Amino acid sequence: MDPVGVAAAAPETGPGPAWQSKCPWGAPKNVVISCSLADVMSEQLAKELQLEEEKVAFPEVVTVAEGPFITGENTDTSSDLMLAQMLQMEFDREYDAQLRREEKKFNGDSKVSISFENYRKVHPYEDSDSSEDEVDWQDTRHDPYRADKPTTTPKKGFIGKGKEITTKHDEVVCGRKNTARMENFGPDFQVGDGIGMDLKLSNQVFNALKQHAYSEERRSARLHEKKEHSTAEKAVDPKTRLILYKMVNAGILETITGCISTGKESVVFHAYGGKTGVDDKAVPPECALKVFKTTLNEFKNRDKYIKDDYRFKDRFSKLNPRKVIRMWAEKEMHNLTRMQKAGIPCPEVVMLKKHILVMSFIGQDQVPAPKLKEVKLNSEDMKKAYYQILHMMQQLYKECSLVHADLSEYNMLWHDGKVWLIDVSQSVEPTHPHGLEFLFRDCRNVSQFFQKGGVSEAPNERELFNAVSGLNIAADNEVDFLAEIEALEKMNEDHVQKHGKKTSPFSSDGDPPIIYNE
């Protein structure tokens, strides 16, 4: 009997209760799907069954994105556009294959390779038929572009056997070890990829590089420390700020409002005076704090004004910038004191604390007095200012025995209808080796300013020099005049070297130079 027919003739179960047909303790009924022998031998059915098994085994199937990619047997080739696209795709793949061969031939075995990736028509992620010879480096644990570090020598001190023994003193081994040790240098020292290039450094070269790296590291540390402790920009470093805090806490100053002027050598701040006096003297209501910069970067020729000054010659030390700045502040304090005793309008000295000079403020309500360069005066006031400056220069030279050495319209203020002199830290005595040269330069600046201002009474620089100094040097031109000045300075310098005494290069009635002890 045919089993298929028997299975088909099986009686159907009649209607009954639901618990009888679905019993939880009963064995499940295997439903047998009948199929013919032709279906079993069908190849299409076999493919479908295989696909179903693959879906069960691999549930996550990556679907290919639909696009203009042209493959397979079902491609319609009746369209000319489709044929053109297929031919172009094939041409691009052949071109990329040729480009890869050229790239491989060009690079060879070199460690540094050149890529032609930008010239490819089909990028790797788009090219499905990529060469099997190419290796995806992201899938490998070993990076071929990362060079291996040199292996360490075992404790026995050599590697190999017989004639192929290599000791730790081998030139190649030592060179590679030195190259690897360069990675221990500081991060600011650029060493490059010496290991990748198989660079071999001798001990002499490595020691020189090591010494240079350490010296550069120490130098950068010194520069950073110098920048931290310098008063270059706004002249307020931690030490300066501490001194200002102490002045406020001591009651000398009530408050410091802000910066009012900046220069190449100092920064000036405005402050209100406190109730506590200094040396039994009341502090002015408004004060000017002149903070000298502790770096010589912006005023490098500062030592020219102080090292030849006999008052500070023995204390001058160019090696310590802070000491030079303190002497510079002390020098301005002494010069202002001399000018104040002579009755010359200038700031009044309140106190000196290291490199901070506290003076009276020339101005009102935090507004400083304008410079002579900035203020616009009428002809009468300009003439009045000229005669006042001429009288002040004569007083400064004869009574105070000083030369301003930087007198110009930028260092003169106009306040309360008269001229005030400021910035006398570089002022020197006439017996300075360059004192007369500084005086001639001041006379030139003053003469040119007032001549441009329309003051007809203002003489030239040579006449003004003779009027201030009283030397009465007769010369037809400026060159001869300067030669006479240099001769007087040389005479004074030779006399100091022989006798150790200062001479005054001028006399009142043509008498010989007056000699006085220090």
Side-chain angles (χ1 to χ4, degrees), residues 305 308-311 334-346 383-409 411-412 418-421 423-424 426-451 455-496 499 501-518:
Y305 296 89
D308 293 324
D309 196 330
Y310 78 95
R311 297 175 294 174
H334 291 311
N335 294 338
L336 287 175
T337 304
R338 284 191 187 185
M339 295 169 60
Q340 188 177 352
K341 290 181 180 179
I344 299 176
C346 64
K383 187 183 297 185
K384 176 183 176 182
Y386 166 71
Y387 284 115
Q388 183 185 355
I389 292 174
L390 177 60
H391 180 65
M392 289 165 56
M393 292 177 68
Q394 292 175 345
Q395 278 186 298
L396 193 66
Y397 187 85
K398 297 179 180 179
E399 298 181 20
C400 303
S401 186
L402 288 175
V403 175
H404 192 282
D406 192 21
L407 188 63
S408 65
E409 60 272 20
N411 291 329
M412 294 182 286
K418 59 182 178 180
V419 180
W420 297 68
L421 292 183
D423 194 10
V424 294
Q426 72 285 334
S427 300
V428 297
E429 293 199 345
T431 54
H432 189 274
H434 303 284
L436 297 181
E437 295 180 18
F438 296 154
L439 178 61
F440 183 76
R441 187 176 62 187
D442 293 347
C443 294
R444 176 186 295 167
N445 295 335
V446 173
S447 177
Q448 291 179 356
F449 173 73
F450 283 102
Q451 285 179 356
V455 180
S456 59
E457 291 82 358
N460 57 30
E461 56 267 19
R462 287 173 286 171
E463 295 175 356
L464 183 59
F465 180 88
N466 290 330
V468 173
S469 62
L471 293 177
N472 297 324
I473 298 177
D476 297 335
N477 51 39
E478 184 177 343
V479 177
D480 296 338
F481 197 87
L482 290 174
E484 291 288 338
I485 291 177
E486 292 179 0
L488 289 174
E489 292 177 342
K490 187 70 169 63
M491 180 186 65
N492 181 60
E493 187 177 357
D494 294 341
H495 185 85
V496 171
H499 304 282
K501 298 179 181 180
K502 296 286 182 180
T503 62
S504 177
F506 64 91
S507 58
S508 57
D509 299 323
D511 297 332
I514 303 173
I515 302 175
Y516 61 94
N517 296 327
E518 294 184 2

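These numbers come from a predicted model, not from an experiment.
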Inset, instruction - Would you indicate whether the side-chain heavy atoms of Leu390 and Gln394 approach each other to under 4.5 Å? - result: yes
Inset, instruction - Answer whether the closest heavy-atom distance between the side chains of Arg338 and His334 falls below 4.5 Å. - result: no
Inset, instruction - Could you grab the distance from atom CE of Met412 to atom SG of Cys346, nearest 0.5 Å is fine? - result: 14.5 Å
Legend entry - Spacing of Met393 atom CE and Asp442 atom CG [to the nearest 0.5 Å]: 5.5 Å
Legend entry - Rounded distance (nearest 0.5 Å) linking atom CD of Glu429 with atom CG of Asn335: 8.5 Å
Inset, instruction - Mind checking salt bridge (Lys or Arg N to Asp or Glu O under 4.0 Å) for Arg462 and listing every partner two or more places apart, or none if nothing turns up? - result: none
Legend entry - Side-chain heavy-atom pair Ser469, Leu439 within 4.5 angstrom cut-off: yes
Inset, instruction - Please tell me if the side chains of Asn445 and Leu407 come closer than 4.5 Å, counting only heavy atoms from C-beta onward. - result: no
Legend entry - Test item: Tyr397 and Pro430 side chains (from C-beta on) under 4.5 Å apart, heavy atoms: yes
Legend entry - Sequence-distant partners of Glu478, side chain to side chain contact (heavy atoms under 4.5 Å, CB included), two or more places apart: Phe440, Arg444, Glu461, Leu482
Inset, instruction - Measure from the side-chain N and O atoms of Gln426 to the backbone N and O of His404, and report whether any donor-acceptor pair falls under 3.5 Å. - result: yes
Inset, instruction - Please list, chain by chain and in numerical order, all residues satisfying side chain to side chain contact (heavy atoms under 4.5 Å, CB included) with Ala342, sequence neighbours excluded. - result: Ile344, Glu399, Cys400
Inset, instruction - May I ask you to test the Leu396-Val403 pair for a side-chain heavy-atom distance under 4.5 Å? - result: no
Inset, instruction - Please state whether the rings of His432 and Phe438 are parallel, tilted or perpendicular, taking 30° and 60° as the class boundaries. - result: tilted
Inset, instruction - Check for a donor-acceptor pair, side chain of Asp406 on one end and backbone N or O of Asn411 on the other, with a separation under 3.5 Å. - result: no
Legend entry - Non-hydrogen side-chain atoms of Phe465 and Phe481 separated by less than 4.5 Å: yes
Legend entry - Set of side chain to side chain contact (heavy atoms under 4.5 Å, CB included) partners for Asn477, sequence neighbours left out: Val479, Asp480
Legend entry - Partners passing salt bridge (Lys or Arg N to Asp or Glu O under 4.0 Å) against Asp423 (at least two apart in sequence or in another chain): Lys290
Legend entry - His434 (side chain) donor-acceptor with Glu437 (main chain) under 3.5 angstrom: no
Legend entry - Verdict with supporting geometry, Phe450 and Glu457, side chain to side chain contact (heavy atoms under 4.5 Å, CB included): CA-CA 9 Å; Phe450 283 102; Glu457 291 82 358; over 6 Å; no
Inset, instruction - Mark yes or no for whether Arg441, through its side chain, and Ala405, through its backbone, hold a donor-acceptor pair below 3.5 Å. - result: yes
Legend entry - Pairing residues for Glu463 by the side chain to side chain contact (heavy atoms under 4.5 Å, CB included) criterion, not counting sequence neighbours: Pro459, Asn460
Inset, instruction - Check whether any side-chain N or O of Asn466 sits under 3.5 Å from a backbone N or O of Leu471 as a donor-acceptor pair, and report yes or no. - result: no
Legend entry - Main-chain N/O of Leu436 paired to Glu489 side chain as donor or acceptor, under 3.5 Å: yes
Legend entry - Ile473 backbone acceptor or donor facing Glu484 side chain under 3.5 Å: no
